[in-house]
Amino acid sequence: MTTRHQALIAALPKVELHLHIEGSLEPEMMFELARRNGVTLPYASVDDIRAAYRFENLQSFLDLYYAGAGVLIEERDFYDLTWAYLRRAQTDNIVHCEIFFDPQTHTGRGIPFATVYRGIRRALDQAKAELGISSKLILSFLRHLSEEDGLQTLEAARPFLAGIDGVGLDSSERGNPPAKFARLFAECKTLGLPRVAHAGEEGPADYIREALDVLDVCRIDHGVRILEDSELVARLARSRTPLTVCPYSNVRLKVCDTLEQHPLRELLAAGLCATINSDDPAYFGGYLQENWLGTTHALKLERTEIVQLAINAFEASWLDAADKAMHIAACRRIAATFPD
Ligand code: HPA
Ligand code: ZN
């Protein structure tokens, strides 16, 4: 993919705020971990796995995504998975990432919470020391499971909360509204954990409102259906509550028909703090920089929009104010060296 602003996009320091670490499990690693752990996969080859990645909607993806995660057993599997993502992130000039992990996908198969957490944490700490990539770790609850299951997961997480920076809500959106998790998120708030939630991906714009009003989230994951509710657009534009938008995911899960029809430009034009993210790059055909390049090409984004997207990502992050200011100044300095 070559696009007019390729050099600018490559040079800008980038942030990823919507990345499910289990969604970075490449078919090659899935095969290797299956072999290492004696797990039988329903695929004959890596090509077979890739060929199966044709999705009709969110649920058809989730079915394969949860099945694929079944090869992750030992602490070092979670470490290898996370380290591979971080190495890849460095090639995309990602300087900061805030990643989701789905503990219930693993504890539900008998893998201890500690095994999952320790493997991921070790890779994140190593990335800070060796790659200069800072990170936050977000425990994401599965909304197709009960609130009670979520509360038990929070209990399992308690010994590790010093290394967990916030909580999220993902999985099958329709029929599982944010309010289902009111008590759980209230408990997380009491513990001082910042909260985010997937909302307005497949579900209605009203789920975005509910995530804000009932769960008191500081950021909305996806949120593209907000454009169906002009009052909500005005509210989030005013508050600058960020949306972590994932263009390739939206196309692959048929939230949008084509990348050319993706609403990112409308979101920016409405004054929303929209950002670009990859969601589940091993499943959706592209990591962060590919999402940037592909979307810029398809929507013919202008230089000012690209720079705004880079700045939005730092603004939307959980970095402290001094780090945000430092990175945003770097974005502006680098952008100034690229003519229009
Ligand atoms: N939506 C909901 N749940 C998810 C997603 C998503 O895009 N990716 C991984 N789990
Ligand atoms: Zn997601």
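Read the numbers this way: they start at 1 and go in the same order the structure lists the ligands and their atoms.
Taking the side chain as every heavy atom from C-beta outward, His18 and Phe100 approach each other to under 4.5 Å. Side-chain contact between His222 and Leu243: absent, with no pair of heavy atoms (C-beta onward) separated by less than 4.5 Å.
Within the structure, ligand 1 has Leu62 among the residues with a heavy atom less than 4.0 angstrom away. Residue contacts with ligand 1: Ser171 is included, with a non-hydrogen atom under 4.0 Å away. A heavy-atom separation below 4.0 Å is not found between Phe100 and ligand 1. Residue contact check for ligand 1: His222 places a non-hydrogen atom closer than 4.0 Å to it.
A donor atom on one side chain and an acceptor atom on the other are found under 3.5 Å apart for Thr91 and Arg88. Between the side chains of Thr244 and Asn277, no donor-acceptor pair is found at a separation under 3.5 Å. Using modelled atom types, one finds no donor on one side chain facing an acceptor on the other under 3.5 Å when comparing Tyr66 with Glu22.
Counting only protein N, O or S atoms closer than 2.8 Å to the Zn ion (ligand 2) gives 4.
In the vicinity of Asp280, heavy-atom distances shorter than 4.0 Å reach the ligand 1 atoms 5 (C), 8 (N), 9 (C).
For Lys14 and Asp92, the salt-bridge test fails: no basic side-chain N is under 4.0 Å from an acidic carboxylate O.
Scored by the side-chain contact (heavy atoms from CB on, under 4.5 Å) test, Arg183 finds Glu147, Glu148, Leu151 as partners (sequence neighbours excluded).
Side-chain N or O atoms of Asp280 include none that pairs as donor or acceptor with a backbone N or O of Tyr283 at under 3.5 Å.
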